[in-house]
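First the structure, in the form of structure tokens, and then the observations on it.
For the single chain, residues carry numbers from 1 onward in sequence order. Only heavy atoms go into these numbers, but all of them, side chains included; no hydrogens, no water, no symmetry mates.
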Amino acid sequence: DVVIVTHGPALRLFLMRWFQWTVEQFESTYNPPNGGLAVMVRQSDGRYKLTHATLAMVGATRAPTTSIIGRAMLRRAYVDAFLSY
């Protein structure tokens, strides 16, 4: 399991990079409330999917909900998400 503790804008940037949201999809989301939990569930094929509660919490109604990359890329993707901005 992986736990990432971060602030709202950083969480949204991470989700944007991980789930390959477009700028328009990112801009349609909003920051989670204080203490909000974003849950990514690992699927049998190694990819991750956001829970319905997470999608509702950030308002990601038009964004992709399943990742293209799997667990092996988690650490690198998280670092790359911040180095590229």
Side-chain angles (χ1 to χ4, degrees):
D1 295 344
V2 177
V3 176
I4 300 171
V5 179
T6 188
H7 295 280
L11 171 65
R12 290 174 49 224
L13 283 172
F14 171 77
L15 294 176
M16 177 188 184
R17 297 287 293 174
W18 187 264
F19 292 94
Q20 299 188 349
W21 295 348
T22 65
V23 172
E24 292 79 20
Q25 290 165 332
F26 170 79
E27 288 178 345
S28 71
T29 64
Y30 42 84
N31 290 336
N34 291 337
L37 297 175
V39 179
M40 297 167 41
V41 179
R42 192 168 127 194
Q43 306 297 299
S44 60
D45 61 2
R47 297 182 306 155
Y48 286 86
K49 183 172 181 143
L50 291 172
T51 63
H52 293 293
T54 299
L55 294 170
M57 178 181 67
V58 297
T61 57
R62 300 178 314 164
T65 61
T66 304
S67 67
I68 293 174
I69 53 180
R71 182 175 173 80
M73 296 288 293
L74 178 61
R75 184 172 303 162
R76 182 167 180 231
Y78 185 71
V79 171
D80 289 348
F82 295 99
L83 294 179
S84 65
Y85 282 97

Give the minimum heavy-atom separation between [X] and [Y], together with the two atoms involved.
X: Phe26; Y: Leu13; answer: CE1-N, 3.8 Å
X: Met57; Y: Gly36; answer: SD-CA, 3.7 Å
X: Thr51; Y: Val41; answer: CG2-CG2, 3.6 Å
X: Asn31; Y: Pro9; answer: OD1-N, 3.4 Å
X: Gly8; Y: Pro32; answer: CA-CD, 3.7 Å
X: Gln20; Y: Gln25; answer: O-OE1, 4.4 Å

ILVMFWY network linking Leu11 to Val23, side-chain heavy atoms under 4.5 angstrom: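 Yes.
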Any side-chain heavy-atom pair of [X] and [Y] under 4.5 Å:
X: Met40; Y: Trp18; answer: yes
X: Phe19; Y: Leu50; answer: yes
X: His52; Y: Thr65; answer: no

Between NZ of Lys49 and CG of Leu55, what distance do you get to the nearest 0.5 Å?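 The NZ atom of Lys49 sits 8.5 Å away from the CG atom of Leu55.
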Would you say the side-chain atoms of Thr54 pair up with the backbone N or O of Val39, donor to acceptor, closer than 3.5 Å?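 Yes; at least one donor-acceptor contact below 3.5 Å.
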